[in-house]
A.B. asks: 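Would you mind keeping the following structure in view while I ask a few things?
The model shown is predicted, which means the values in this text are computed figures rather than measured ones. By convention here, the first residue in the shown sequence is residue 1. Numbering of ligands and ligand atoms starts at 1, following listing order.
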Amino acid sequence: MSFRLGVLASGRGSNFLAILRSIEKGELDAELCILISDCEQAPALEIARQRSIPAKYIRYSKKDRQVFEREAAVQLENYACDFVILAGFMRLVTPWLIQRFSRRILNIHPSLLPAFKGLKAQAQALAYGVKISGCTVHIVNEELDGGPIIAQKAVEVRSDDTLESLSARILVEEHHLYPKAIRHYGEKLLKSQVMA
Ligand code: GRF
């Protein structure tokens, strides 16, 4: 079962690259149809261009978030994307886009949700003093980092961890978890639609 993926990313794009590599290795049967960024300088755009994946910058205005989302939706629908993959997309998604791609927008977050929602999750985990953190892939709903959980991976927090060392170990796990979670969830959802 092959999926068509559209990715939204604001920054360095390491999760995007991990998904791409997983597809190249034949572990994830999917096509990366388009990479959209709200940040013109995002390295993720460059990664896409180097691999000849359509890459589009769309200006984001906090005053009217839907200008970005309407344009993004047009692109995602033009490419017939089955799923919208948030990979370091640093904007809140509005109910409008969530309804338009109902149960088909996924996100990865660098903590074991529901702990440490929002920004700087790894720093929050260190400050709280938890001994285990990790990463979570979830369906995006209207609550920030609050949608149904698809997959999680725990990472031990060591007594000598710094923000950098913990973030780096969590990131390694993100790169394994996200492609697997997309495959499992995608197969489940598309099968249920075929059978409905
Ligand atoms: C990751 O830590 C992800 O969990 C969070 O934003 C970061 C994006 O990193 N949502 P990258 O752009 O995929 O390298």
A.B. asks: Partners of D161 by salt bridge (Lys or Arg N to Asp or Glu O under 4.0 Å), sequence neighbours excluded?
C.D. replies: R169

A.B. asks: Of L86, I150, L5, which meets side-chain contact (heavy atoms from CB on, under 4.5 Å) against L106?
C.D. replies: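 Exactly one candidate clears the test, I150.
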
A.B. asks: Would you say the ring centers of F68 and F89 fall short of 6.0 Å from each other?
C.D. replies: yes

A.B. asks: Could you list all the ring-ring contact (aromatic ring centres under 6.0 Å, His included) pairs where at least one residue sits in residues 4-58, not counting sequence neighbours?
C.D. replies: none

A.B. asks: So which pairs with a foot in residues 163-184 pass ring-ring contact (aromatic ring centres under 6.0 Å, His included), sequence neighbours left out?
C.D. replies: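 As it turns out, there is no ring-ring contact (aromatic ring centres under 6.0 Å, His included) pair with a partner in residues 163-184 once direct neighbours are skipped.
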
A.B. asks: Please produce the table of protein N or O atoms sitting under 3.5 Å from N or O atoms belonging to ligand 1, one pair a line, distance to 0.1 Å.
C.D. replies:
from: ligand 1; atom 1: 2 (O); to: E174; atom 2: OE1; distance (Å): 3.3
from: ligand 1; atom 1: 2 (O); to: E174; atom 2: OE2; distance (Å): 3.1
from: ligand 1; atom 1: 4 (O); to: I108; atom 2: O; distance (Å): 3.4
from: ligand 1; atom 1: 4 (O); to: E174; atom 2: OE1; distance (Å): 2.7
from: ligand 1; atom 1: 4 (O); to: E174; atom 2: OE2; distance (Å): 3.3
from: ligand 1; atom 1: 9 (O); to: R12; atom 2: NH2; distance (Å): 3.2
from: ligand 1; atom 1: 10 (N); to: I108; atom 2: O; distance (Å): 2.9
from: ligand 1; atom 1: 12 (O); to: G13; atom 2: N; distance (Å): 2.9
from: ligand 1; atom 1: 13 (O); to: S14; atom 2: N; distance (Å): 3.4
from: ligand 1; atom 1: 13 (O); to: N15; atom 2: N; distance (Å): 2.9
from: ligand 1; atom 1: 13 (O); to: N15; atom 2: ND2; distance (Å): 2.9
from: ligand 1; atom 1: 14 (O); to: R12; atom 2: NE; distance (Å): 2.5
from: ligand 1; atom 1: 14 (O); to: R12; atom 2: NH2; distance (Å): 3.4
from: ligand 1; atom 1: 14 (O); to: S14; atom 2: N; distance (Å): 2.9
from: ligand 1; atom 1: 14 (O); to: S14; atom 2: OG; distance (Å): 2.5

A.B. asks: Could you walk me through whether E31 and F3 pass side chain to side chain contact (heavy atoms under 4.5 Å, CB included), step by step?
C.D. replies: CA-CA 6 Å; E31 187 182 340; F3 315 123; over 6 Å; no

